[in-house]
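Below you'll find the structure, written out as structure tokens, and then a few comments.
Below, read A as the first sequence line, B as the second, and so on, with proteins coming before strands; counting in each chain starts at 1.
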Number of protein chains: 2
Amino acid sequence: MYHCPVELALDVIGGKWRTVMLAHLKERPHHYGELRRKVPGISEKMFVQRLRELQDAGLVSRTEISPHVQYSLTDEGRSLGPALQALYDWGVERAARTGASIVGT
Amino acid sequence: MYHCPVELALDVIGGKWRTVMLAHLKERPHHYGELRRKVPGISEKMFVQRLRELQDAGLVSRTEISPHVQYSLTDEGRSLGPALQALYDWGVERAARTGASIVGT
DNA sequence: CGGAATCCATAGGGATACTG
DNA sequence: CAGTATCCCTATGGATTCCG
């Protein structure tokens, strides 16, 4: 039971790491270890946990390929594109205004 | 130090309540008690805390008027419009797809 | 490689009562 | 009305180890 559609959206993509993971997967599919390395600062436990949540939410799909496991965005995940872009753009402007620093990506 | 502009954006508007509060203030300025009543389920402590954070982030302004205190969006707060709208729209679609229920607002 | 399980610390949040 | 101030508690997350 949400009190606002935005609340629902943040319930799915909110938090510190999910959008970072989505941002990388938006570029292209990643192997587990590969994606893992692109999200420094997070613990193993949290990484897996968030990844599972994104899977359970239907935004990310998991495929076992040869000796690897590959993660990619589902159509549902891609439907977040405009929203993520809007947040991205605002984040860029805001960083410019406040002097906050953003690394990587 | 963020790893993605979206992370910065979520740092400012993320969490369970801030966007709900912003959504109401986007409609029009509100008195304290008035806004308070529109955000049911949150504790007094969290309500004030979130409101202060939005003020400190420069998204919300506080004005003492006669016996009341009024909160409204600043220009910076209004600059979030497109991003909030995109999230709102996605939230509505998502609710339709998943059957999640959204009340109020 | 791709995780699962465990243990532990603390920050975040709830309920309630009090104040200018 | 518009907040502060406590007290308490549990959910979240970190570090580390183990497993197929």
Side-chain angles (χ1 to χ4, degrees), chain A residues 1-4 6-22 24-25 28-57 59-74 77, chain B residues 1-4 6-22 24-25 28-57 59-74 77:
Chain A
M1 191 78 104
Y2 300 95
H3 297 89
C4 172
V6 179
E7 198 190 334
L8 183 160
L10 288 179
D11 201 31
V12 177
I13 64 162
K16 194 173 181 182
W17 303 109
R18 280 184 279 223
T19 55
V20 178
M21 298 163 77
L22 288 172
H24 289 302
L25 292 178
R28 59 175 178 77
H30 284 68
H31 290 163
Y32 178 91
E34 193 182 20
L35 182 59
R36 179 68 230 274
R37 280 188 298 280
K38 290 196 177 179
V39 188
I42 190 176
S43 72
E44 191 76 30
K45 179 179 166 184
M46 287 302 105
F47 179 75
V48 177
Q49 195 167 305
R50 298 293 161 253
L51 204 48
R52 290 287 163 277
E53 289 165 0
L54 291 175
Q55 271 182 252
D56 294 346
L59 303 181
V60 166
S61 68
R62 176 186 187 276
T63 323
E64 302 199 12
I65 297 180
S66 61
H68 287 295
V69 176
Q70 178 163 301
Y71 291 92
S72 41
L73 287 190
T74 61
Chain B
M1 191 79 103
Y2 300 96
H3 296 89
C4 174
V6 179
E7 197 190 334
L8 182 160
L10 288 180
D11 202 32
V12 177
I13 64 160
K16 194 173 182 183
W17 302 110
R18 279 183 279 221
T19 54
V20 177
M21 297 164 77
L22 288 172
H24 290 301
L25 291 177
R28 58 176 179 77
H30 284 68
H31 291 163
Y32 178 90
E34 191 182 23
L35 183 60
R36 180 68 232 274
R37 279 188 298 280
K38 290 197 178 179
V39 189
I42 190 177
S43 72
E44 191 77 30
K45 179 179 166 187
M46 288 302 106
F47 178 75
V48 176
Q49 196 167 304
R50 296 294 160 254
L51 203 48
R52 289 287 164 278
E53 288 165 2
L54 292 175
Q55 272 182 254
D56 294 345
L59 304 181
V60 167
S61 67
R62 176 186 188 277
T63 323
E64 304 200 12
I65 298 179
S66 61
H68 287 294
V69 175
Q70 177 163 302
Y71 291 92
S72 42
L73 286 190
T74 61

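- Between the C1' atom of dT6(C) and the CD atom of Q49(A) lies a distance of 14 Å, rounded to the nearest Å.
- R36(B) places its CZ atom 10 Å from the P atom of dA15(C), with the value rounded to the nearest Å.
- Contact annotation: the side chain of H3(B) approaches that of P40(A) to within less than 4.5 Å [non-hydrogen atoms, C-beta and beyond].
- Using a 4.5 Å heavy-atom threshold, the side chains of E53(A) and V12(A) count as separate.
- The closest side-chain heavy-atom distance from L73(B) to V60(B) is below 4.5 Å.
- When the P atom of dT12(D) is taken as reference, atom CZ of R18(A) falls 10 Å away, rounded to whole Å.
- Atom CD in Q55(A) sits about 13 Å away from atom P in dG2(C), given to the nearest Å.
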Tabulated below should be each protein N or O lying under 3.5 Å from an N or O of nucleotides 1-6 of chain D; please produce it.
| from | atom 1 | to | atom 2 | distance (Å) |
| --- | --- | --- | --- | --- |
| dC1(D) | O3' | H68(B) | ND1 | 3.3 |
| dA2(D) | OP1 | H68(B) | ND1 | 2.9 |
| dA2(D) | OP1 | V69(B) | N | 2.8 |
| dA2(D) | OP2 | G33(B) | N | 2.9 |
| dG3(D) | OP1 | R52(B) | NH2 | 3.1 |
| dG3(D) | OP1 | R62(B) | NE | 3.2 |
| dG3(D) | OP1 | R62(B) | NH2 | 2.7 |
| dG3(D) | OP2 | Y71(B) | OH | 2.5 |
| dG3(D) | N7 | E44(B) | OE2 | 3.4 |

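- When rounded to the nearest whole Å, the span between CD1 of I42(B) and P of dG12(C) equals 14 Å.
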Give every donor-acceptor pair under 3.5 Å between a side-chain atom in residues 28-35 of chain A and any protein atom, sequence neighbours left out.
| from | atom 1 | to | atom 2 | distance (Å) |
| --- | --- | --- | --- | --- |
| R28(A) | NH1 | E34(A) | OE2 | 3.1 |
| R28(A) | NH2 | E34(A) | OE2 | 3.1 |
| H30(A) | ND1 | R28(A) | O | 2.7 |
| H30(A) | NE2 | K38(A) | NZ | 3.1 |
| Y32(A) | OH | E44(A) | OE2 | 2.4 |
| E34(A) | OE1 | H31(A) | N | 2.6 |

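- Nearest heavy-atom pair across I13(B) and L10(A) is O-CD1, 3.6 Å.
- Looking only at side-chain heavy atoms (C-beta outward), Q49(B) and M46(B) come within less than 4.5 Å of each other.
- Going from atom CE of M46(B) over to atom P of dT16(C) covers 15 Å, rounded to whole Å.
- Between the CH2 atom of W17(B) and the C1' atom of dG14(C) there is a distance of 12 Å, given to the nearest Å.
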